[in-house]
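In what follows, every chain begins at residue 1, and chains take the letters A, B, ... in the order their sequences are listed. Side chains included, hydrogens not; waters and symmetry mates left out as well; all remaining heavy atoms used.
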Amino acid sequence: MIHLPRGTQDILPGDSEKWQYVEDVFTTICHQFNYKEIRTPIFEHTELFQRGVGDTTDIVQKEMYTFNDRSDRSLTLRPEGTASVVRSYVQNKLYGVNTQPQKLFYNGPMFRYERPQQGRMRQFVQFGIEALGSADPSIDAEVIGLAMHLYQSLGLKSLRLVINSLGDQESREAHRQALVNHFKPHEEELCSDCQQRLEKNPLRVLDCKKDKDHPAMQDAPKILSYLTDEASEYFNQLKKYLDAMGIDYVVDSNLVRGLDYYNHTAFEIMSDADGFGSISTLSGGGRYNGLVEELGGPNTPGIGFALSVERLLMALEVEGVELPVNEGLDCYVISMNDEANLKAVELVHELRKHNIQVDKDYLGKKMKAQFKTADREKATLVLIIGDEELQQNVVQVKNMTDGIQETVDHKDLVSYIKDRI
RNA sequence: GCGGUUGUGGCGAAGUGGUUAACGCACCGGAUUGUGGUUCCGGCAUUCGUGGGUUCGAGCCCCAUCAACCGCCCCA
C-alpha cells in the first residue's frame with residue numbers, strides 16, 4: 001500500500017469542516033480589517049528564499065524542499081509566505097498603486113523538511129497578512145490586533161502575547177557588539193551551538209535553552225537598552241496603541257525570531273493551555289523594513305504575521321472549544337421499491353435546486369436500513385415514498401426530532417420543508 | 001540531524017514460541033409483511049506495518065526498513 005509522505009496529512013470529512021470554518025472566519029476578519037487576498041505560487045525560485053528569508057537561517061540551511069525542474073532551474077516549495085508576497089509586490093509594482101499601504105492576506109500550504117512531531121508538519125498551512133508601505137506603529141498594532149481578534153473570536157482564552165523590539169540597523173549593531181563583548185569571556189563554557197551563534201548571529205544565543213541557566217545569560221545586554229531614541233520611541237508608540245486597543249502583552253527582551261529580515265517590532269502569540277506539548281507558539285510576526293529593497297523594490301517598510309492552522313486547531317481542541325460546524329442533513333428520501341426510487345431521484349434533484357440539502361439511498365437498502373442511514377446522517381426530515389404515496393401524489397414527511405409524520409402534497413413540499421429546516 | 005516509545009480487522013485493544021488470533025465499538029443481516037435512535041440473535045482478520053533471518057514451529061526472538069507519537073534543535 002502506498003501511503004502519504006512523512007509529515008503530511010489527509011484532512012478527512014469530520015475534520016475538513018473545521019478547516020473550512022476557520023478559513024471562513026479568517027477571511028471574514030481580514031475583510032473587516034480591509035485586507036485583500038493575494039495568491040502566489042506554491043513554489044518559487046530558490047534564490048528568493050535564500051535572499052528573502054536569509055542564508056544563515058535554519059530554514060534555508062537545512063529545511064527547504066529544493067529540486068531542479070526539467071530545465072534545471074532550482075525551485076523550492078515555499079517554506080513561508082512573506083518572501084513570496086514581497087516578491088509579488090515588487091514584480092507587480094504594487095508600490096505604485098493608489099491604495100497604500102497595501103494590506104494583503106494569504107492562506108495556503110508551506111513546506112519545511114523537518115522531523116515531524118505534534119504541531120510540526122512537513123506540509124502545514126499558514127494564514128498570514130502583510131501590510132506594505134507604512135512605517136507607522138499603529139499598523140503594527142493593527143496586525144497584532146487582527147491576530148488576537150481572530151483567536152479570541154474563535155473562542156481561545158489561554159493566550160499570551162509577547163512583544164519585543166529588535167530595533168533598527170544602528171540599534172542592532174550596537175547590541176550585537178555588546179553581546180559579543182559580553183559572551184566572549186565565557187565562550188568556552190557555552191554549548192557548541194552557541195559558540196557558533198556568537199560568530200554568526202549573537203542574538204540567537206539569548207534564545208538557547210541549554211545555556212539558559214548560565215550566569216552570563218542573566219545579565220546579558222538587552223536589546224531594549226541599545227535602542228536608538230528613534231527605535232525606542234517607535235516601540236513606545238506601539239505599546240501605547242496596544243494599550244488603547246485593550247490588548248494585553250508582555251515584553252520579552254529575549255524574544256528573537258528565526259528569520260533574518262525582522263527589525264523593530266517582533267511578536268509571538270503563545271498558548272498557555274495545559275497539554276499543549278512543547279510547542280506553544282501559535283503565530284509570530286514582525287516588521288521587515290529592508291526586505292522589499294532586498295528583493296529589488298523601492299525602500300518600503302512592511303510588517304506581517306503568520307499563524308499555523310494546525311496549531312490553531314490544536315489549541316481549540318485542548319481548550320475544548322466546539323466549533324459551530326453544521327453536521328446534520330436537511331432531508332433524507334426513503335423509497336420503498338424501484339418505482340418509488342424513480343420518484344426519489346426526481347424529487348431529490350428538484351429539492352436540491354431549491355437549495356435544500358438532501359440525500360437518498362444508493363445501495364438498494366430496505367426501508368428500515370434507510371431509516372438507520374437517515375438517523376446516522378442526522379437528517380432533520382425524512383421523506384417516504386411508497387406505492388400509496390405514488391398513487392396519491394404525496395409524500396410522508398417524518399420529523400426525526402419529534403417523530404411526527406404528516407402527509408404532504410407534492411405541490412406544497414418545498415415550502416413545507418423550508419418551514420421546518 | 002539526534003534520542004525515546006510504538007505499529008494486531010474501519011476504530012480501540014488482548015495475546016510475550018506451539019493446533020481454528022480474545023473482547024469492546026462501528027458496520028451488515030434477522031427478530032411475520034411500509035418506519036430510526038433501545039434490546040436480543042447472527043455475521044464480520046488464511047492474518048498480526050513491510051522485507052529478510054533464527055526455529056520442527058513466530059503476532060510473539062533477531063536484523064533491516066517504513067511510519068506514527070513524544071522529546072532535542074528550530075520554528076508556524
Side-chain angles (χ1 to χ4, degrees), chain A residues 1-9 12 14 53 56-63 78-82 107-128 147 191-194 196-197 201 204 207-211 255-259 267-271 275-286 304-315 332 334-337 340 361 363 365-390 395-405:
Chain A
M1 185 181 79
I2 298 173
H3 64 83
L4 52 63
R6 183 150 211 214
T8 64
Q9 62 178 150
L12 303 174
V53 177
T56 67
T57 60
D58 282 4
I59 291 179
V60 171
Q61 284 189 342
K62 53 183 201 190
E63 295 175 359
R78 61 182 184 193
E80 57 100 52
T82 303
N107 166 22
M110 306 294 164
F111 305 85
R112 291 183 201 172
Y113 191 91
E114 297 188 275
R115 188 83 181 260
Q117 58 174 279
Q118 186 174 50
R120 190 172 65 188
M121 298 274 123
R122 289 184 174 180
Q123 174 174 332
F124 58 102
V125 175
Q126 284 190 343
F127 292 164
C191 74
S192 57
D193 283 340
C194 280
Q196 290 196 358
R197 289 182 183 125
N201 193 350
R204 292 273 202 85
D207 214 21
C208 182
K209 293 186 178 74
K210 280 188 203 145
D211 291 329
L255 174 65
V256 176
R257 313 244 51 250
L259 285 62
F267 72 95
E268 277 185 17
I269 298 170
M270 334 268 265
S271 172
F276 209 73
S278 64
I279 291 173
S280 59
T281 303
L282 294 175
S283 58
F305 95 99
L307 70 84
S308 151
V309 181
E310 286 83 359
R311 291 184 189 177
L312 167 58
L313 292 171
M314 270 170 59
Y332 194 86
I334 290 177
S335 47
M336 309 290 301
N337 53 46
D361 168 67
L363 298 175
K365 289 189 185 179
K366 292 179 179 164
M367 183 187 205
K368 195 182 178 81
Q370 292 186 56
F371 258 102
K372 280 194 172 186
T373 305
D375 195 56
R376 210 179 313 116
E377 296 274 359
K378 300 195 183 86
T380 310
L381 301 174
V382 166
L383 314 193
I384 305 146
I385 308 170
D387 288 334
E388 290 175 32
E389 288 77 17
L390 285 173
V395 295
Q396 299 293 330
V397 181
K398 179 166 183 176
N399 186 319
M400 295 296 271
T401 322
D402 56 24
I404 293 172
Q405 181 167 316

Under the rule for side-chain contact (heavy atoms from CB on, under 4.5 Å), what residues qualify as partners of [X], not counting sequence neighbours?
| X | result |
| --- | --- |
| A/Ser283 | A/Tyr151, A/Ile269, A/Phe305, A/Leu307 |
| A/Ile404 | A/Asp402, A/Glu406 |
| A/Met270 | A/Arg160, A/Val162, A/Glu268, A/Ser280, A/Thr281 |

Closest non-hydrogen atom pair between [X] and [Y], with its separation:
| X | Y | value |
| --- | --- | --- |
| A/Leu312 | A/Leu282 | N-CD2, 4.4 Å |
| A/Tyr332 | A/Ala379 | CB-CB, 3.9 Å |
| A/Leu381 | A/Asn399 | CD2-CA, 3.9 Å |
| A/Phe124 | A/Gln126 | CE1-NE2, 3.5 Å |

(message) Nearest 0.5 Å, please: how far is CE in A/Met367 from CG in A/Asp361?
(response)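 Between A/Asp361 CG and A/Met367 CE, I get 12.0 Å after rounding to 0.5 Å.
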(request) Hey, could you give me the CD/CE distance between A/Gln9 and A/Met121, rounded to the nearest 0.5 Å? (result)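 The CD atom of A/Gln9 sits 5.5 Å away from the CE atom of A/Met121.
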Between [M] and [N], how far apart are the [atom1] atoms? Round to whole Å, please.
| N | M | atom1 | value |
| --- | --- | --- | --- |
| B/A22 | B/C44 | P | 11 Å |
| B/G9 | B/A21 | P | 15 Å |
| B/C23 | B/G18 | C1' | 23 Å |
| B/C72 | B/U38 | P | 45 Å |
| B/G51 | B/A58 | P | 15 Å |
| B/U54 | B/C60 | P | 15 Å |
| B/U8 | B/U47 | P | 16 Å |
| B/G17 | B/C27 | C1' | 35 Å |

(request) Verify, without hydrogens or angle tests, whether A/Glu310 (side chain) and A/Val125 (backbone) share a donor-acceptor contact under 3.5 angstrom. (result)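 Flag set: sc A/Glu310 to bb A/Val125 pair under 3.5 Å.
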(request) Kindly say if A/Gln117 contacts the phosphate of B/C70, meaning a side-chain N or O under 4.0 Å from OP1 or OP2. (result)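 For B/C70, neither OP1 nor OP2 has a side-chain N or O of A/Gln117 closer than 4.0 Å.
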To the nearest angstrom, how far is [X] atom [atom1] from [N] atom [atom2]?
| X | N | atom1 | atom2 | result |
| --- | --- | --- | --- | --- |
| A/Ile59 | B/G1 | CD1 | P | 18 Å |
| A/Leu255 | B/C75 | CG | P | 10 Å |
| A/Gln118 | B/C69 | CD | P | 9 Å |
| A/Lys62 | B/C73 | NZ | C1' | 6 Å |
| A/Asp402 | B/G36 | CG | P | 16 Å |
| A/Asp58 | B/C75 | CG | C1' | 8 Å |
| A/Leu12 | B/G10 | CG | C1' | 12 Å |
| A/Ile269 | B/C75 | CD1 | P | 17 Å |

(message) Test of understanding: with ring pair (Phe, Tyr, Trp, His ring centres under 6.0 Å), list the residues that count as partners of A/Phe127, not counting sequence neighbours.
(response)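 Checked A/Phe127 against ring pair (Phe, Tyr, Trp, His ring centres under 6.0 Å); matches are A/Phe26.
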Touch class at under 4.0 angstrom, heavy-atom based, for [X] against every strand present:
| X | result |
| --- | --- |
| A/Gly285 | nothing |
| A/Leu282 | sugar-phosphate |
| A/Gly403 | base |
| A/Ala306 | sugar-phosphate |
| A/Met121 | base |

Under 3.5 Å donor-acceptor pair, [X] side-chain atoms to [N] base atoms:
| X | N | answer |
| --- | --- | --- |
| A/Arg112 | B/A76 | yes |
| A/Arg120 | B/C73 | yes |
| A/Glu114 | B/A76 | yes |

(request) Determine, for nucleotides 25-35 of chain B in 5'-to-3' order, which nucleotides have protein heavy atoms under 4.0 Å from the base (write B), from only the sugar-phosphate (write S), or from neither (write -). (result) --SS-S---BB
Polar pairs (N or O, both sides) under 3.5 Å between protein and nucleotides 4-8 of chain B?
none

(request) Hunt down any stem RNA chain B takes part in, defined as 3 or more consecutive Watson-Crick or G-U pairs whose two distances are each under 3.5 Å. (result)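 Result, WC/G-U stems under 3.5 Å: B:1-7 with B:66-72, B:10-12 with B:23-25, B:27-31 with B:39-43, B:49-53 with B:61-65.
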Taking only distance into account, with no hydrogens and no angle test, what donor-acceptor pairs under 3.5 Å do side-chain atoms of residues 108-116 of chain A form with protein atoms, sequence neighbours excluded?
{"residue": "A/Arg112", "atom": "NE", "partner": "A/Pro79", "partner atom": "O", "Å": "2.8"}
{"residue": "A/Arg112", "atom": "NH2", "partner": "A/Pro79", "partner atom": "O", "Å": "3.0"}

(message) Going by side-chain hydrogen bond (donor to acceptor under 3.5 Å, both in side chains), name the residues that satisfy it together with A/Ser271, two or more places apart in sequence or in a different chain.
(response)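 Checked A/Ser271 against side-chain hydrogen bond (donor to acceptor under 3.5 Å, both in side chains); zero matches.
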(message) Per the side chain to side chain donor-acceptor pair (under 3.5 Å) rule, what does the pair list look like for residues 369-390 of chain A, sequence neighbours excluded?
(response)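 As it turns out, the side chain to side chain donor-acceptor pair (under 3.5 Å) pairs with a partner in residues 369-390 of chain A, which skip direct neighbours, are A/Asn337-A/Asp387, A/Glu389-A/Gln396.
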